[in-house]
Every structure is written in structure tokens, then in C-alpha cells.
Amino acid sequence: MSETIRVLISEEKVDERIRELGNQISRDYEGRQIHLICVLKGGVFFMCELAKRISVPVSMDFMCVGSYGDGTSSSGVVRIAKDLDESIEGKEVIIVEDIIDSGNTLYYLMDVLNKRNPAGMKLCTLLDKPERRVKDVKVDYCGFEIPDEFVVGYGLDYAQKYRNLPYIGVVEGLD
């Protein structure tokens, strides 16, 4: 059976919420510069749209950290495939993630980055699945809390497919 995609969050709702998050971050960091760290690959769509809506000075860097592979559930093993290009020492850092479910990846990543002495570090995610949380990570800026369903679109993928969907959809028909 072939999978199908059911719309969970429309493109318009995603766009509106990212605008709200950009406004909130701009207010919270008024008069300061922030350094966004995108967790690749899924976070790139969200971070680009978010950065356009932040009115304070922004710099960016990218990391590739993962624990999924081609499956639909976390392998539990976290690895850094691409590290930061610049030091974050003394910077106001916001980690930008597409989705947080178990929290294993972000717990590990935040521990690694905290040891690099940023001035402050917060976490911003487009999607949060709190009912799947295994590790306690504090989400400072959340786009949407969603149910425990396998989602794609807006950077999220299933076996490298569906990242380019402009909405958040639920994959149905997986065996």
C-alpha cells in the first residue's frame, strides 16, 4: 500500500504562527543580536522563514545532528554529522529545530553547546510532541504542539520525501 498525506496544519496557519514567533523573539531580544543555530536538514525551512520575521540583528550557523535514519521512529543514537563553523562563546543562541519528540537529540545537543559558553541559549521548535518526551528539554518558543502522529512537510521528511510540502501533513498508509 502506498502512503498518503493528510493536512494537519495548513500553510496559512504555519505562516501566521512563524510570524508570531518572529515578533515574540524580536521583543524578547530587543537591542541585542541573536545567533540562530539550525538543526539540519529539517530545520532549514523553518529557520529561513523565522529569520525573515525577526527584526533584531541575526547571524546563523548550521549543525547536522540526528537519530532517525530512514525510519519513522528514533534510533536513540545521537550523532553529529556537521558541527558549527563558528564559535558561539558569548553569543545569545537560539537553537532552531523542526520537531521535538523524545527529546534525546536536543538534550544531547544542548549539553554539547552549553559547554561552548554561549551568553544564553534557548530552544525554538516548529512542532512539539510532548507526549513522546523521554528527556526533559525546555522549549522556549513553540510553533505547535501536535499529537503523536508521523508528520512531514515544511522540512520534515519520510525517507527524504515530502520535505517541500508547504504545510504539515500526517503520513497515512505506512506498513
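Using a 4.5 Å cut-off on side-chain heavy atoms (C-beta onward), I94 and H35 make no contact. Using a 4.5 Å heavy-atom threshold, the side chains of Y108 and I80 count as touching. Counting heavy atoms from C-beta outward, V7 and I168 have side chains that stay 4.5 Å or more apart. Side-chain contact between L50 and V96 is present, with at least one heavy-atom pair separated by less than 4.5 Å. Using a 4.5 Å cut-off on side-chain heavy atoms (C-beta onward), F46 and D98 make no contact. Residues E92 and P118 have side chains not in contact (no heavy-atom distance under 4.5 Å, counting atoms from C-beta outward). Between M63 and V65, the closest side-chain pair of non-hydrogen atoms falls below 4.5 Å.
Using a 4.0 Å cut-off between charged side-chain N and carboxylate O, D83 and R116 make a salt bridge. Using a 4.0 Å cut-off between charged nitrogen and carboxylate oxygen, K129 and E149 do not count as a salt-bridge pair. Ion pairing of R27 with E30 is absent here, as no side-chain N (NZ or NE/NH1/NH2) approaches a carboxylate O to less than 4.0 Å. Note on D128 versus R133: salt bridge recorded, some NZ/NE/NH1/NH2 to OD/OE distance being below 4.0 Å.
Residues satisfying the salt bridge (charged side-chain N to carboxylate O under 4.0 Å, His left out) test with K161, not counting sequence neighbours, are E3. Remark: D140 pairs with K138 by the salt bridge (charged side-chain N to carboxylate O under 4.0 Å, His left out) rule, at least two apart or across chains. Listed by chain and number, the residues in a side chain to side chain contact (heavy atoms under 4.5 Å, CB included) with S10 are E12, K13 (sequence neighbours excluded). Residues satisfying the side chain to side chain contact (heavy atoms under 4.5 Å, CB included) criterion with N117, sequence neighbours excluded, are E89. Here R19 pairs with D15 under the salt bridge (charged side-chain N to carboxylate O under 4.0 Å, His left out) rule; sequence neighbours left out.
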Can I34 and Y29 be said to form a side-chain contact (heavy atoms from CB on, under 4.5 Å), step by step? CA-CA 7 Å; I34 55 176; Y29 286 88; 3.1 Å; yes
I146 vs L8, test: side-chain contact (heavy atoms from CB on, under 4.5 Å). Steps then yes/no. CA-CA 9 Å; I146 62 169; L8 179 66; 4.0 Å; yes
Could you check L165 against I5 for side-chain contact (heavy atoms from CB on, under 4.5 Å), going step by step and ending with a plain yes or no? CA-CA 10 Å; L165 295 176; I5 309 300; 4.1 Å; yes
side-chain contact (heavy atoms from CB on, under 4.5 Å), that's the test. Do M110 and L123 meet it? Break it down for me. CA-CA 9 Å; M110 292 180 83; L123 176 57; 4.1 Å; yes
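In terms of modelled atom types and a separation under 3.5 Å, the side chain of K122 and the main chain of I95 share no donor-acceptor contact. D101 contributes no side-chain N or O that, together with a main-chain N or O of R132, makes up a donor-acceptor pair within less than 3.5 Å. Side-chain N or O atoms of R163 include none that pairs as donor or acceptor with a backbone N or O of V152 at under 3.5 Å. Remark: side-chain polar atoms of D61 are paired, donor with acceptor, to backbone N or O of D85 under 3.5 angstrom.
Looking at every heavy atom in both residues, A51 comes nearest to L36 through CB-CD1, 3.9 Å. In terms of heavy atoms, L126 sits closest to V14 at CD1-CG1, 4.4 Å. Taking all atoms of both residues into account, the shortest heavy-atom contact from G143 to R17 is O-NE, 2.9 Å. Considering every non-hydrogen atom in both S26 and V56, the closest pair reads O-CG1, 3.7 Å. Closest of all the heavy-atom pairs between S59 and Q33 is OG-NE2, 3.5 Å. Across all non-hydrogen atoms, the minimal contact from C124 to I25 is SG-CD1, 4.3 Å.
Note: I100 CD1 to Y107 OH = 14.5 Å, rounded to the nearest 0.5 Å. Rounding to the nearest 0.5 Å places NZ of K115 at 12.5 Å from CD1 of I88. Rounding to the nearest 0.5 Å places SG of C38 at 4.5 Å from CE of M47. Taken from CG in N164 to OH in Y154, the straight-line distance is 12.5 Å, to the nearest 0.5 Å. Distance check: L21 CG to T125 OG1 gives 9.5 Å after rounding to the nearest 0.5 Å. Within the model, atoms CG of L40 and CZ of F62 stand 6.5 Å from one another, a figure rounded to the nearest 0.5 Å.
Among residues at least two apart or in separate chains, salt bridge (Lys or Arg N to Asp or Glu O under 4.0 Å) pairs with a member in residues 39-49 are E49-K52, E49-R53.
Each of L127 and V134 belongs to its own hydrophobic cluster when Ile, Leu, Val, Met, Phe, Trp and Tyr are linked at side-chain heavy-atom distances under 4.5 angstrom.
Counted within 6.0 Å of OH on Y167, heavy atoms from surrounding residues, nucleotides or ligands total more than 12; the atom is thus considered enclosed. Summarising the local packing, CG of D136 is surrounded by 12 or fewer heavy atoms from other residues, nucleotides or ligands at distances under 6.0 Å.
D28 and Y141 form a side-chain donor-acceptor contact under 3.5 Å, judged by distance and modelled atom types alone.
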